[in-house]
Amino acid sequence: MPKDVPAFLSLSIPSGKPQSKQILVLGLDGAGKTSVLHSLATNHVKRSTAPTEGINAVCINTEEAKMEFLEIGGSESLRSYWKMYLPRVLVLIYVVDSADHERFPLAKQLLHQLIQNDSTLPVVILANKQDLKGAYCITDIHDALALSEMGDERKMFLIGTHVAEDGSEISSSMKDAKELIAQLVSETQ
Ligand SMILES: Nc1nc2c(ncn2[C@@H]2O[C@H](COP(=O)(O)OP(=O)(O)OP(=O)(O)O)[C@@H](O)[C@H]2O)c(=O)[nH]1
Ligand SMILES: [Mg+2]
């Protein structure tokens, strides 16, 4: 384990020991990672009320797969730890706030840095907050994140999501995302 990792991030850091592989959930602070994860876990919309200060681990089981999701907070101080978790992951979920126009260049840069050394890691991009008025549409997000430059060998998906009304059932696009992730995990394991 790297020596300089704070205790709040020590869960499941690659140690060389055999462990079940995980699905890593990354993206800028406030993109909606925790909200999406909790909603996927319960099948009902549950918005997060606080930023993730370290790691948020969530297990989600479907008929197809047993999945262990690991969200690392997206605040600036935590981003340098993201890459430490990459070597053991099966699938990367990258969540963006579709209405955060100003930070698309940063979201793009961080995404491309993350995948640059792994040409086959499957990536699912969730274009979240599609309910907001100023949200970019999927085509604009595809361009803003330069997804055509993600490499030909990689399985890559872009899905629009929203976590709009607390308590309601999750949208069909969220259900699709959950099924897709389960399928990718069972194919990759
Ligand atoms: N309108 C709208 N708000 C959302 C949506 N998803 C999340 N939010 C809100 O956005 C804020 C941030 O959501 P989080 O789930 O905490 O974001 P996060 O990516 O986990 O952020 P960090 O843990 O700080 O990295 C919260 O106030 C949520 O209620 C969405 O789809 N639409
Ligand atoms: Mg969070």
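FYI, side chains are in, hydrogens and waters are out, and symmetry mates aren't considered; it's all heavy atoms of this structure. Atoms within each ligand, like the ligands themselves, are counted from 1 in listed order.
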Are any of the N/O atoms in [X] less than 3.5 Å from those in ligand 1?
X: I72; value: no
X: E71; value: yes
X: G27; value: no

Around [atom], find the nearest protein heavy atom and jot down its residue, atom name and distance.
atom: atom 21 (O) of ligand 1; answer: G30 N, 2.9 Å
atom: atom 31 (O) of ligand 1; answer: V163 N, 2.7 Å
atom: atom 23 (O) of ligand 1; answer: T52 N, 2.7 Å
atom: atom 24 (O) of ligand 1; answer: P51 CB, 3.4 Å
atom: atom 26 (C) of ligand 1; answer: S48 O, 3.5 Å
atom: atom 8 (N) of ligand 1; answer: K129 CE, 3.7 Å
atom: atom 32 (N) of ligand 1; answer: D131 OD1, 2.8 Å
atom: atom 7 (C) of ligand 1; answer: S35 OG, 3.4 Å

Any non-hydrogen side-chain atom of [X] less than 4.5 Å from a side-chain atom of [Y]?
X: R79; Y: D29; result: yes
X: K178; Y: M174; result: no
X: T161; Y: Q130; result: no
X: F69; Y: L24; result: no
X: N128; Y: D97; result: no
X: V58; Y: E71; result: no

Shortest heavy-atom approach to atom 19 (O) of ligand 1 - which of R47, K33, K133: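 Residue with the shortest heavy-atom distance to the ligand atom: K33.
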Do any of the N, O or S atoms of [X] sit under 2.8 Å from the Mg ion (ligand 2)?
X: S48; value: no
X: E71; value: yes
X: T52; value: yes

Gap between atom NZ of K83 and atom CD1 of I72 - 0.5 Å precision: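 Reported to 0.5 Å precision, the distance equals 12.0 Å.
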Give the atoms of ligand 1, by number and element, whose distance to some non-hydrogen atom of [X] is under 4.0 Å.
X: H162; answer: 31 (O)
X: A31; answer: 17 (O), 19 (O)
X: G32; answer: 7 (C), 13 (O), 14 (P), 15 (O), 17 (O), 18 (P), 19 (O)

Donor on one side chain, acceptor on other, T34 and T52, under 3.5 Å: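 Short answer, yes.
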Candidate list V25, L158, I93, V95, test side-chain contact (heavy atoms from CB on, under 4.5 Å), partner V124, passing option: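 The passing option is I93.
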Verdict with reasoning, R154 to L121, per side chain to side chain contact (heavy atoms under 4.5 Å, CB included): CA-CA 6 Å; R154 186 188 314 283; L121 177 68; 3.9 Å; yes
Part of Q130 within contact of ligand 1 (heavy atoms, under 4.0 Å):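 No part of Q130 is near ligand 1 at this cut-off.
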L132, portion touching ligand 1 at heavy-atom distance under 4.0 Å: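 Under 4.0 Å from ligand 1, L132 contributes side-chain atoms alone.
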Take every heavy atom of [X], measure it against each atom of ligand 1, and state whether any distance is under 4.0 Å.
X: A164; value: no
X: H38; value: no
X: G73; value: yes

Minimum heavy-atom distance between F104 and S98, given as atom pair plus value: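 So the two residues come closest at CE1-O, 3.8 Å.
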Atom CD of Q116 with >12 non-hydrogen neighbours under 6.0 angstrom: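 Yes.
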Aromatic ring pairing Y136/H101, orientation class (parallel under 30°, perpendicular over 60°, tilted between):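 If you compare the ring of Y136 with that of H101, the planes turn out parallel.
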Heavy-atom donor-acceptor pair, H112 side chain to L145 backbone, under 3.5 Å: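 Between the backbone of L145 and the side chain of H112 there is a qualifying donor-acceptor contact (under 3.5 Å).
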